[in-house]
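This report concerns only the one structure given below.
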Amino acid sequence: MSKGYKSDLNWSDVTPRAQWMNRRQLMLGAGALAMGGAIAGPALAKLNAVSSPYSTDAEPNSLEDITSYNNYYEFGTDKGDPARYAGGLTTDPWSIQIDGLVDSPGSYGLEDVLSGVTLEERIYRFRCVEAWSMVVPWVGFELSTLLAKVGVQSGAKYVSFETLVRPEEMPGQRRALIDWPYREGLRLDEAMHPLTILATGLYDEPMPNQNGAPIRLVVPWKYGFKSIKSIVRISLTAEQPLTSWNMINPREYGFYSNVNPEVDHPRWSQASERLVGGGLFAKRQDTLMFNGYAEEVAGLYAGQDLAKDY
Ligand code: MTE
């Protein structure tokens with residue numbers, strides 16, 4: 001790690017980039033073939049993900065960038081803390097409680113959640129509210145697939161999510177920084193949108209702990225804090241759920257949190273961003289409405305005043 005601190009990651013098999021590039025080229029070559037059926041062969045992705053038409057064609061950040069510069073307050077507030085401390089989190093076994101307005105509530109093991117699911121590689125730009133961004137090749141599946149499995153009832157209007165609470169393994173939770181658990185929420189139509197995924201890996205590796213193992217949300221048109229990590233509970237509700245950053249500072253962080261260059265954070269402009277890994281003097285780039293996914297998602301907010309519903 002070259003960020004000026006030592007990392008004690010204990011997921012020991014981080015793939016060197018050169019080796020990964022080879023695998024990736026093979027994988028993309030096999031993409032067309034793979035779309036129709038199962039991929040086989042030892043050179044292919046460990047997670048056997050097919051490539052997705054929803055991906056951007058932006059160049060992904062390195063695995064090093066993606067796994068060493070993180071926000072995961074359960075492990076501390078420094079960008080290096082998750083890489084330093086998340087290695088000790090036990091992620092197997094793992095289950096998710098699914099409850100509220102669903103036909104089949106219950107505790108679902110990760111195996112049940114993943115059974116019958118096709119994992120796709122999706123390259124999404126991920127933008128943090130602090131004005132930096134990364135491009136990440138996530139591996140995951142549409143949240144709507146899981147919601148269909150459990151059966152959403154007609155009164156449901158929102159989906160809420162909670163992260164694990166386990167202070168023995170999450171040192172940041174020994175401080176009352178946040179009213180734990182970390183919580184997030186989406187409106188049901190946002191949750192059902194095909195861009196919204198539950199990710200279980202990145203590149204072709206299982207999800208690194210610091211990125212939210214074993215399963216986390218990715219909502220690419222919203223600021224990064226909506227993409228809650230290490231999910232243990234999903235509830236379907238009639239009322240808009242509480243969300244952690246809105247609870248901490250409602251003036252700065254709204255429920256919607258759509259990436260919007262025209263609506264500034266009260267303390268800084270949201271009009272441009274720094275791509276992580278571009279070097280300290282890299283030119284900032286203009287932030288795009290809905291993080292570049294306007295064509296796909298603008299319709300969800302027709303008639304809403306996005307300066308009010310920030
Ligand atoms: N999820 C939990 N449980 N705890 C957190 O502190 N931080 C959020 C989000 N999900 C966070 C979380 C924020 S602010 C960002 S920008 C992204 O995770 C960072 O994801 P990454 O570290 O994989 O880039």
Side-chain angles (χ1 to χ4, degrees), residues 1 9 11 13-35 39 41-72 82-83 86 114 117-128 132-143 145 193-224 226-231 259 273-278 285 288 290-293 296:
M1 302 270 152
L9 296 184
W11 50 292
D13 63 344
V14 174
T15 313
R17 186 170 172 84
Q19 195 184 323
W20 168 78
M21 285 304 282
N22 287 336
R23 278 222 295 267
R24 183 178 173 76
Q25 274 145 17
L26 276 166
M27 202 164 87
L28 291 180
L33 201 153
M35 289 304 275
I39 322 177
L44 295 178
K46 272 192 198 166
L47 292 171
N48 272 354
V50 301
S51 59
S52 167
Y54 287 102
S55 291
T56 69
D57 49 16
E59 176 69 15
N61 274 87
S62 68
L63 187 59
E64 156 100 20
D65 286 343
I66 296 168
T67 56
S68 60
Y69 191 84
N70 300 100
N71 276 340
Y72 197 169
L114 294 178
V117 156
T118 303
L119 292 178
E120 288 184 350
E121 186 200 46
R122 293 182 170 208
I123 303 177
Y124 284 161
R125 176 177 298 278
F126 197 66
R127 190 181 185 284
C128 260
W132 51 269
S133 66
M134 271 194 238
V135 178
V136 184
W138 302 105
V139 172
F141 61 97
E142 290 171 21
L143 172 61
T145 310
H193 194 280
L195 285 180
T196 302
I197 59 168
L198 286 171
T200 57
L202 52 86
Y203 282 118
D204 55 356
E205 302 291 335
M207 189 65 77
N209 282 3
Q210 60 267 52
N211 294 92
I215 186 163
R216 57 93 55 88
L217 191 68
V218 179
V219 193
W221 72 93
K222 293 178 180 281
Y223 290 114
K226 296 298 279 185
S227 292
I228 183 173
K229 297 176 171 182
S230 307
I231 296 168
V259 174
E273 65 201 60
R274 174 180 66 85
L275 187 66
V276 170
Q285 52 194 46
L288 300 172
F290 296 114
N291 209 18
Y293 303 94
E296 291 86 357

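Hydrogens, waters and symmetry mates play no part in the numbers below; they use all other heavy atoms, side chains included.
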Can a donor-acceptor pair be found between the side chains of Ser51 and Glu121 at a distance below 3.5 Å? no
Non-hydrogen side-chain atoms of Val139 and Leu202 separated by less than 4.5 Å: no
Measuring from Ser52:OG to Leu119:CG, what's the distance to the nearest 0.5 Å? 12.0 Å
Looking at Pro137 and Ile66, what are the two nearest heavy atoms and their distance? CD-CD1, 3.9 Å
For the rings on Tyr124 and Tyr54, is their centre-to-centre separation under 6.0 Å? no
Straight-line distance of Asn61 CG to Tyr203 OH, nearest 0.5 Å: 7.0 Å
Using a 3.5 Å distance criterion without hydrogens, assess whether the side chain of Arg216 forms a donor-acceptor pair with backbone atoms of Asn211. yes
Closer than 3.5 angstrom, by distance alone: can the side chain of His193 be matched with the main-chain N or O of Glu296 as a donor-acceptor pair? yes
Between Val117 and Phe141, is there a side-chain heavy-atom distance shorter than 4.5 Å? yes
To the nearest 0.5 Å, tell me how far Phe126 CZ sits from Met134 CE. 8.5 Å
Would you call Glu120 and Trp138 a side-chain contact if the rule is heavy atoms closer than 4.5 Å? no
Results of side-chain contact (heavy atoms from CB on, under 4.5 Å) for Lys226 - residues two or more places apart only: Glu184, Leu186, Lys222, Thr243, Phe255, Ser257
List the steps and the verdict of side-chain contact (heavy atoms from CB on, under 4.5 Å) for Ser133 and Val276. CA-CA 6 Å; Ser133 66; Val276 170; over 6 Å; no
For the residue pair Ile123 and Val136, establish whether any side-chain heavy-atom pair is separated by less than 4.5 Å. no
Note, Leu195 side chain near Trp221 side chain (heavy atom, < 4.5 Å): yes
Just jot down the side-chain contact (heavy atoms from CB on, under 4.5 Å) partners of Thr118, sequence neighbours excluded, or say none. Val50
Using every non-hydrogen atom in the two residues, find where Thr67 and Ala83 come nearest and quote the distance to one decimal. O-CB, 3.5 Å
Any heavy-atom pair between the side chains of Ile231 and Leu217 that's under 4.5 Å? yes
Out of curiosity, Arg127 CZ to Glu273 CD, how far, rounded to the nearest 0.5 Å? 5.0 Å
Please assess Val218 against Thr196 for the test side-chain contact (heavy atoms from CB on, under 4.5 Å), listing each intermediate value before the final yes or no. CA-CA 6 Å; Val218 179; Thr196 302; over 6 Å; no
Any side-chain donor-acceptor pair under 3.5 Å between Tyr72 and Ser230? yes
Do Leu143 and Ile197 have side chains that get closer than 4.5 Å, going by heavy atoms? no
Asn71 side, atom CG; Gln210 side, atom CD - distance, nearest 0.5 Å: 12.5 Å
Return the set of residues passing side-chain contact (heavy atoms from CB on, under 4.5 Å) with Leu288 (not counting sequence neighbours), or none when no residue passes. none
Separation between CG of Asp65 and CG of Leu275, rounded to the nearest 0.5 Å: 8.0 Å
At their closest point, which heavy atom of Arg122 faces which heavy atom of Pro194, and how far apart are they? NH1-O, 2.7 Å
How far apart are the closest heavy atoms of Pro220 and Asn291, and which atoms are they? O-ND2, 2.6 Å
